[in-house]
Amino acid sequence: MTLLPSNLELRLDYRDYHRRFRSPLVTAHGEWQERDGVIVRLEAPDGRVGYGEAAPIAWFCPEIRTKPTTGAPLSEQMCLPAFGSTFRPLTINGVEDPDLHWALECALAQLNDPTLPGVRVPIAGLLPAGMAALAALPGQLASARRALKWKIGVLRCSEEIALADHIAQSLPRGVRLRLDANGGLTKADYAAWLTWCQERRDVIDYLEQPLPIGEEAAMFALAEGTGVPIALDESIARVDMVILLAKRFPTAVLIIKPSLLGSRSAYLRWRSANYQHRVVYSTSFETAIGLKAVWELAALDWPPLSPAGLDAASIMEDDGLCPMRIGWEICHTDWPQSVDEEVWKRL
Ligand SMILES: [Mg+2]
């Protein structure tokens with residue numbers, strides 16, 4: 001492996017994409033039907049190629065530009081055309097857009113060392129919100145996954161708790177339930193969920209982002225003494241918030257969506273010094289290019305303590321941009337060498 005000289009001139013290309021969910025993703029923020037993203041490609045003079053993906057989620061980061069507000073392609077909103085057709089590794093320090101920063105840093109990391117960690121990462125399942133969870137449950141249980149996530153804050157609280165009872169009773173021993181409110185609960189509903197989770201500590205893995213961004217102190221104050229693990233997701237999208245809130249709330253489970261972190265290297269630096277925090281890696285519904293980078297970060301965290309939320313393939317339309325069958329684990333041999341190029345050619 002030869003590291004790239006910091007001023008080496010790399011050829012920069014990029015392509016926008018639009019992908020549709022199989023059925024709209026229902027969360028406490030409403031329905032999400034289509035995701036926009038950008039794939040970047042860097043090519044070294046010796047022919048080595050690195051790919052990266054920018055895959056923002058609007059409700060996680062208020063500063064994120066979303067297409068409906070400007071009408072411009074995401075690559076333009078990220079000011080990618082201003083870079084022209086060349087990019088030098090040292091330029092990465094000046095890339096201010098966090099999603100673009102992540103994408104370019106992934107492409108540079110791949111150019112420097114394309115070797116994937118030789119480990120297996122266990123994968124969690126995703127149940128659809130509301131009543132649809134019951135129909136999806138048998139299929140998820142048959143997949144041998146050890147953790148299932150269910151979105152809450154979508155129906156009336158009492159209705160959802162009755163459904164949660166049903167789901168909890170159906171889980172085989174050893175399968176854990178993760179409840180994700182996407183910041184959409186009232187304090188009264190949060191209290192009701194805490195009481196229920198306390199009674200079902202045998203199956204509850206954690207209660208995720210019960211209250212909106214900014215209400216972290218209330219989240220942990222209300223949960224104090226209940227023994228219910230609370231996870232932060234929307235609150236810690238960017239790496240600076242991971243660092244800040246992990247310090248403030250040392251018991252928090254940290255849901256890391258690598259595509260939203262901004263700086264890959266800053267995260268890896270923090271993680272190596274803070275390995276005691278429980279983290280769970282999660283997809284932002286990327287193509288195979290972005291998903292591989294997310295998987296790689298989870299694999300570098302070996303031994304992973306928690307199944308990762310990486311099942312992006314089954315909930316997006318089959319558009320060939322994530323040609324993977326995702327089972328109960330993903331290992332390095334599940335990524336064909338040509339997968340990045342195949343995705344690129346389809347755009
Ligand atoms: Mg979440």
Side-chain angles (χ1 to χ4, degrees), residues 21 24-32 35 55-62 64 99 122-130 132-133 136 140 145 147-155 157 160 164 167 176-186 189-190 193-194 197 204-216 218-220 223 228-239 241-242 245-246 249 251-262 267 277-286 290-291 294-295 297-298 304-312 314-316 326:
F21 290 93
L25 188 71
V26 182
T27 72
H29 300 276
E31 289 190 353
W32 192 19
R35 86 113 55 254
I57 301 178
W59 77 72
F60 271 74
C61 308
I64 283 177
D99 306 299
I123 304 299
L126 181 63
L127 294 170
Q140 284 291 349
R145 288 172 173 172
L148 299 180
K149 175 187 272 203
W150 188 45
K151 301 277 187 188
I152 61 168
V154 177
L155 305 175
C157 184
E160 263 178 356
I167 295 169
R176 312 287 283 177
L177 184 61
R178 300 169 173 179
L179 299 171
D180 184 5
N182 289 110
L185 299 184
T186 62
D189 287 351
Y190 177 30
W193 276 109
L194 278 172
C197 290
I204 290 301
D205 200 6
Y206 50 76
L207 178 51
E208 181 174 330
Q209 194 76 36
L211 301 178
I213 297 172
E215 295 193 28
E216 294 79 19
M219 282 186 235
F220 288 93
V228 178
I230 302 302
L232 294 176
D233 187 6
E234 280 86 344
S235 290
I236 54 163
R238 307 301 194 198
V239 67
M241 293 309 285
V242 173
L245 293 186
F249 305 106
T251 63
V253 179
L254 307 171
I255 310 296
I256 303 295
K257 285 183 161 59
S259 295
L260 304 184
L261 282 172
Y267 174 76
H277 278 278
R278 184 178 173 201
V279 301
V280 174
Y281 291 92
S282 176
T283 175
S284 303
F285 313 108
E286 302 86 354
L291 191 64
V294 171
W295 171 86
L297 215 61
L305 298 173
S306 296
L310 300 190
D311 188 3
S314 65
I315 61 170
M316 305 303 291
I326 295 176

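We use all heavy atoms of the structure for the numbers below, so side chains are in, but hydrogens, waters and symmetry mates are not. In listed order, ligands and their atoms are each counted from 1. Here the structure is a predicted model, which is why all the values come from computation and not from measurement.
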Q: Could you check if a side-chain atom of Leu232 sits within less than 4.5 angstrom of a side-chain atom of Met219, using non-hydrogen atoms only?
A: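 Yes, their side chains come closer than 4.5 Å.
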
Q: Quick check for you: within a radius under 2.8 Å, how many protein N, O or S atoms neighbour the Mg ion (ligand 1)?
A: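 Of the protein's nitrogen, oxygen and sulfur atoms, 3 lie under 2.8 Å from the Mg ion (ligand 1).
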
Q: Under 3.5 Å, side chain of Arg238 to main-chain N/O of Leu260, donor-acceptor pair present?
A: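 Side chain of Arg238 to backbone of Leu260: a pair is present.
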
Q: Can you find a pair of side-chain heavy atoms, one from Ser235 and one from Gln209, that are under 4.5 Å apart?
A: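 A side-chain contact under 4.5 Å exists here.
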
Q: Taking Arg35 for its side chain and Pro56 for its backbone only, find out whether a donor-acceptor pair lies under 3.5 Å.
A: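 Between the backbone of Pro56 and the side chain of Arg35 there is a qualifying donor-acceptor contact (under 3.5 Å).
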
Q: Once salt bridge (Lys or Arg N to Asp or Glu O under 4.0 Å) is applied, do any residues pair with Lys149, and if so which ones, sequence neighbours excluded?
A: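 Partners of Lys149 by the salt bridge (Lys or Arg N to Asp or Glu O under 4.0 Å) criterion, ordered by chain and then number, come out as Asp180, Glu208.
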
Q: Is the closest side-chain heavy-atom distance between Leu194 and Ile230 below 4.5 Å?
A: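 In short, these two side chains touch, coming nearer than 4.5 Å.
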
